[in-house]
Amino acid sequence: MATRNSTLVLCAIGFALLAFAPLGISSKFYLDILTLIFFTAYIGQSWNILGGYAGQFSFGGVMFFGTGAYASSILVNSFGVPAIIGVVVAILAGAVLALGVGYLSFRSGLRGSYFALITLAFAELLRVVANSLEITGGGVGLFLTYAPGLQNLQFKTPVGFYYFALILLAISIAIVIWLENSRFGAQLVAIRENEDAAEALGINTLRRKCQAIMIMGAMGGAAGTFYSQKYLYLDPPIAYSVHLSVEMLLVTIVGGMGTVFGPLIGSLVLHTVNEVTRNFIDTPGLSLIVYGIILIMIISYLPNGLIGLFKGRGSKKAGAAQGDGDA
Amino acid sequence: MFSASLSMLPAAITNGLMYGAIYALVALGLTLIYGVLHIINFAHGAMLMLALYAAFFLFHLFGIDPYLAILIVTPAAFVFGYVIYRWGVGKLSGGRDQNILLITLGLSIIIENGALFFFTGDQQTVSLSYSYEAVDLGFVFLSYPKIISFFASLLICLLLWALMTKTDLGRAIRAVAKQREGARLVGIDVENIFAITFGIGIACLGAAGCMLLPIFYVDPYTGNIFVVIAFTIVVLGGMGSIVGALLGGFIIGITESVGGLLLGESLGQIGISLIFILILILKPTGLFGSKV
């Protein structure tokens, strides 16, 4: 319980500081970067629930984002439904899609690389479909009108989107803290550690995994609405980009999988690295090379992610694993 | 309109077979690496793209025909793969499978952006003196490059199959794939076999790159186009199966070109993802898959 309380206190202080930050930061540049860091951390957190806690690596996490983005954008564009209602539909769409994908894959017993590949395939399938339908604007994409206002989830200043992203992040962290302290979360961890044993203990692993992917799907759906209302443009390569699928797992793994703050730390560090290298090296590609190198170094030398640096180095399990690797 | 499409069906199938043989070659490397190391090489597409650039520059700077460049690019790709695994991926991962996957992912980011930096994002193509000469089969015109690529791919598949089944090296590789520890006990240098297998997998990409160049284009992202196709073929054929990769390549090649014919350019791609998903759900071991 002590850890739980200290986590909650840490969160409360952190979010209080971040909530007042825009009073001190007037630069649009920094606000935008912070917004992006929150957004990536949020989407990483959604991956963390299924990947970090339940141990099911998805390589197509972007499919919920893209479907949510299309759901709310189509409602706005074709039916004049305000985005604040659209986001609810986007969340539902993400969850329903997740249930379908999760049920089909988990019921067939797909694990490990097979699960990773089928999620990748679903994302590809959706990209191809979105590319050929009329209602999604096909390859041309959808343009949304700029009409700032809370009901449209659009804002005149970057501060609005800053708070939007901050709220999303806060919700995602709350979900994960709840997960850490709930029976449901413990069952997910049991599945991650040894699925057959979990099944033998009477955990309905299919149901639990489906629930975990549905939470991920719902969160992804909301992220889609956030994106489309912020950037006002959506096309299939953006909506179902492999890049975002990869980014959500990278920030989580780099930060620390199966931890409350892993995705946030990962997002903060990777975005900072990205911005700094981009400032110093103004050539396309080079900053991402540095990004790739740092990624490999972290995976090689910090098996528990960056958060492993803070959490007592006495983590025997990690030490033992490291020893095995060197032998 | 539909009848017009149907009359073009034999042509579409033939074209699909032509591309299918090259797809098989791309997938062969992936399936071989999976079969032995039990990992998915996420840098596969990026490395194919490097091979395409290698063939492109050999042609552009020295005028070497891409089909002759196979003799240079394939061994070079083997060395590249061997070195990358032996002193890179294998060492850094500490032998943990999940880490290998993520490190190859990092590697693909580095290679792709390295290409963007050095070669810019422009699309490059080569034009050979015989690029536009074709054979008329009655129902389809087949360009020389397509025909050469098709038979060369088949030949390389055959060579690889012979290597795996007839030689001591092949036996050692299969032994490591089946029983890592057992192979170690009988004196096989497992780390070396891993690196050799990785090298052979990348060598296949070297050959595939040379054969794709005359009928395709190259830019830093070309590899991505083939990654999903290669995964599909590998899963379809059964992870680790050489025969499966060849057959899977043909099925996917035909699916793609017939799908494009019947459903149009953009929706035609749907066939590949659908096959991918259906196979995974219905028969995850693939057509020729054995549990390695």
Side-chain angles (χ1 to χ4, degrees), chain A residues 57 59 101 104-105 107-118 120-133 138-139 236 242-243 246 249-250 253-254 257 281 283-301 303 321-327, chain B residues 34 38-40 42 88-89 91-121 220 224 227-228 231-232 234-235 239 263-285:
Chain A
F57 278 38
F59 270 80
V101 169
L104 281 176
S105 334
R107 198 200 50 175
S108 316
L110 296 180
R111 295 179 188 181
S113 351
Y114 286 100
F115 177 69
L117 287 176
I118 199 167
L120 185 71
F122 270 112
E124 272 296 298
L125 182 78
L126 288 165
R127 188 182 59 79
V128 173
V129 170
N131 206 22
S132 22
L133 290 182
V242 178
H243 182 77
V246 166
L249 71 100
L250 281 192
I253 290 166
V254 165
M257 266 189 293
I281 320 167
T283 326
L286 260 189
S287 66
L288 282 168
I289 296 179
V290 177
Y291 185 96
I293 292 172
I294 289 178
L295 170 72
I296 292 182
M297 291 301 135
I298 289 177
I299 292 163
S300 311
Y301 299 110
Q322 189 78 27
D324 285 344
D326 292 340
Chain B
Y34 182 89
H38 306 290
I39 49 134
I40 290 169
F42 260 91
V89 178
K91 275 232 151 52
L92 291 171
S93 66
R96 285 179 297 261
D97 291 358
Q98 180 192 315
N99 286 4
I100 300 184
L101 183 100
L102 295 168
I103 286 174
T104 54
L105 188 68
L107 202 59
S108 75
I109 296 177
I110 296 173
I111 295 177
E112 230 167 56
N113 290 287
L116 187 64
F117 177 69
F118 287 109
F119 309 143
T120 76
N224 295 335
V227 168
V228 175
F231 280 146
T232 314
V234 167
V235 168
M239 293 235 195
L263 300 171
E265 193 70 25
S266 71
L267 195 59
Q269 292 283 332
I270 206 171
I272 297 180
S273 327
L274 270 182
I275 289 187
F276 200 1
I277 291 168
L278 286 177
I279 282 284
L280 277 169
I281 289 174
L282 300 175
K283 197 172 185 310
T285 48

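Chain letters run A, B, ... following the sequence lines, proteins first, then strands; residues in each count from 1. The basis for the numbers below is simple: all heavy atoms, side chains too, and nothing from hydrogens, waters or symmetry mates.
Rounding to the nearest 0.5 angstrom, the gap separating the OG atom in B:Ser93 from the CD1 atom in B:Ile103 is 5.0 Å. For the atom pair OG of A:Ser108 and CD1 of A:Ile118, the computed distance is 6.5 Å after rounding to the nearest 0.5 Å. Residue B:Thr104 holds its OG1 atom at 8.5 Å from CD1 of A:Ile296, rounded to the nearest 0.5 Å.
Only the side chain of A:Leu110 comes within contact range of chain B, with heavy atoms under 4.5 Å apart. Interface remark: B:Leu280 contributes backbone and side-chain atoms alike to the contact with chain A (heavy atom separation under 4.5 Å). Looking at A:Val290, neither its backbone nor its side chain comes within 4.5 Å of chain B, counting heavy atoms on both sides. Heavy-atom distances place no part of A:Ser105 under 4.5 Å from chain B, backbone and side chain included. Only the side chain of A:Phe59 comes within contact range of chain B, judged by heavy atoms closer than 4.5 Å. Of the two parts of A:Leu120, only the side chain, counted from C-beta on, holds a non-hydrogen atom closer than 4.5 Å to a non-hydrogen atom of chain B. Proximity to chain B (any heavy atom under 4.5 Å) is shown, for A:Ile294, by neither the backbone nor the side chain. With a threshold of 4.5 angstrom between heavy atoms, B:Phe42 approaches chain A through side-chain atoms but not through N, CA, C or O. Interface residue B:Leu274: backbone and side-chain heavy atoms are both found under 4.5 Å from chain A.
Remark: the backbone N or O of B:Ile109 is paired with a side-chain donor or acceptor of B:Asn113 at under 3.5 angstrom.
Pairing each heavy atom of B:Ile100 with each of B:Val89, the nearest pair is CG2-CG1, 3.5 Å. Across A:Gly138 and A:Pro236, no two heavy atoms sit closer than the pair O-CD, 3.4 Å. The two residues B:Phe276 and B:Phe231 come nearest to each other via the heavy atoms CZ-CB, 3.8 Å.
Listed options B:Ile40, B:Leu116, B:Ile281 were ranked by heavy-atom pairs under 4.5 angstrom with chain A; first place goes to B:Ile281. Between chain B and the options A:Leu249, A:Leu295, A:Leu117, heavy-atom pairs under 4.5 Å are most frequent for A:Leu117.
B:Thr232 pairs in a side-chain contact (heavy atoms from CB on, under 4.5 Å) with only one of the listed residues (B:Ile272, B:Ile279, B:Ile277), which is B:Ile272.
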